[in-house]
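Residue numbers count from 1 along this sequence. Quick caveat, the model's predicted, so the values are computed rather than measured.
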Amino acid sequence: MNTSIERLNFGNKRFLLLLIAIFVFPFFAFGQTPADTAQIKKEHSFPEIKGYVGIVHPLRTWSKDGNTYNFEKFYTFGNPWGINVWKSKKIGFSLEFTPFIRSDEKGVRMSNFLFHPGLLYRLGREFTLIGRLAYETSGRFGFTPILNKVVYRNKDYSIFVAGLLPVRYGNVHAPSYTVAFQFGLGF
């Protein structure tokens, strides 16, 4: 009398045991206990990679060529997208890419694109000091000091606001100094 295992034509019984082990074992295998997970979160490993997206509004620009106000004869805003790589709890590096959109009597268009790498320094109490270099497709270059503040944080995302002071040179224009406001979402 043949049993059902012998009737199966798998070549041998070891193959059937292997299949059972592959499909049953994962239900009983655990990589970490909850206590181990809590310990890992407490120690927090670096480097840590975070992303963000935001909206930046230049408010006023000063230069010897004349002062300009956003919202007066035109409206310009930027849409920064970035990646922060935290080397430690205090120090990090950031890459930011910002297209600028301008709306005036001629219509709406992308007016500039900014490559904005920088260094991050956590000051504590959710404040971060950021120093960025600036390279614009308009031919301007310079630097941007930024003071960033996280105003809301949970486990999945954070909401932040920032004050920016862009300084720009080049492209046959006088040096310019701008005050800008940014808010965004970090994840």
Side-chain angles (χ1 to χ4, degrees), residues 47-154 156-187:
E48 178 183 51
I49 300 174
K50 298 285 188 175
Y52 65 92
V53 63
I55 301 288
V56 62
H57 297 278
L59 302 175
R60 182 176 180 182
T61 301
W62 292 270
S63 79
K64 75 176 188 177
D65 293 340
N67 300 331
T68 58
Y69 299 89
N70 204 4
F71 308 103
E72 190 175 44
K73 296 179 182 178
F74 59 87
Y75 171 61
T76 299
F77 73 94
N79 180 221
W81 294 77
I83 297 172
N84 295 337
V85 179
W86 289 96
K87 176 79 173 141
S88 69
K89 190 174 183 177
K90 291 271 190 190
I91 301 290
F93 176 76
S94 179
L95 288 176
E96 182 179 276
F97 306 92
T98 308
F100 280 89
I101 309 298
R102 181 180 174 121
S103 175
D104 57 21
E105 71 277 352
K106 298 176 187 175
V108 179
R109 66 187 181 282
M110 186 175 130
S111 62
N112 197 16
F113 187 82
L114 171 64
F115 174 59
H116 221 194
L119 296 176
L120 311 166
Y121 182 75
R122 283 190 177 134
L123 300 171
R125 298 186 181 187
E126 301 287 356
F127 282 96
T128 303
L129 182 61
I130 306 165
R132 294 190 180 282
L133 296 176
Y135 305 98
E136 300 181 356
T137 57
S138 67
R140 307 273 288 162
F141 61 93
F143 62 93
T144 308
I146 302 167
L147 184 60
N148 187 67
K149 167 77 170 134
V150 173
V151 293
Y152 176 78
R153 179 184 302 276
N154 72 21
D156 296 322
Y157 67 92
S158 61
I159 297 172
F160 65 89
V161 296
L164 296 81
L165 298 169
V167 178
R168 301 293 186 265
Y169 306 97
N171 200 17
V172 200
H173 292 288
S176 64
Y177 311 93
T178 303
V179 173
F181 171 76
Q182 178 179 346
F183 63 93
L185 178 69
F187 44 90

Hey, mind stepping through N70 and F77 against side chain to side chain contact (heavy atoms under 4.5 Å, CB included) and telling me if it holds?
CA-CA 9 Å; N70 204 4; F77 73 94; 5.8 Å; no
Surrounding [atom1] of [X] (heavy atoms of other residues, nucleotides or ligands, distance under 6.0 Å), is the total greater than 12?
{"X": "I55", "atom1": "CD1", "answer": "yes"}
{"X": "R125", "atom1": "CZ", "answer": "no"}
{"X": "W81", "atom1": "CH2", "answer": "no"}

Any idea which heavy atoms bring A174 and D65 closest together, and the distance?
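Taking every non-hydrogen atom into account, N-OD2, 3.4 Å.
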Can you name the closest pair of heavy atoms from V56 and A180 and give their distance?
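Between these two residues, the closest heavy atoms are CG2-CB, 4.1 Å.
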So how far is it from [X] [atom1] to [Y] [atom2], rounded to the nearest 0.5 Å?
{"X": "L123", "Y": "T128", "atom1": "CG", "atom2": "OG1", "value": "6.5 Å"}
{"X": "Y135", "Y": "H116", "atom1": "OH", "atom2": "NE2", "value": "10.0 Å"}
{"X": "N84", "Y": "F93", "atom1": "CG", "atom2": "CZ", "value": "10.0 Å"}

Does the side chain to side chain contact (heavy atoms under 4.5 Å, CB included) test come out yes or no for F143 and Y169, once each step is laid out?
CA-CA 9 Å; F143 62 93; Y169 306 97; 3.9 Å; yes
Are any side-chain N or O atoms of K149 and backbone N or O atoms of G163, one a donor and one an acceptor, separated by less than 3.5 Å?
no
F115 versus L95: any side-chain heavy-atom pair under 4.5 Å?
yes
Please lay out, stage by stage, how T61 and Y177 fare under the test side chain to side chain contact (heavy atoms under 4.5 Å, CB included).
CA-CA 6 Å; T61 301; Y177 311 93; over 6 Å; no
For S138 and R168, does a side-chain donor sit closer than 3.5 Å to a side-chain acceptor?
no
Y52 vs F187, ring pair (Phe, Tyr, Trp, His ring centres under 6.0 Å): CA-CA, chis, key distance, verdict
CA-CA 6 Å; Y52 65 92; F187 44 90; 8.0 Å; no
Tell me whether the centres of the aromatic rings in F160 and F183 are closer together than 6.0 Å.
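No; F183 has its ring centre 6.0 Å or more from that of F160.
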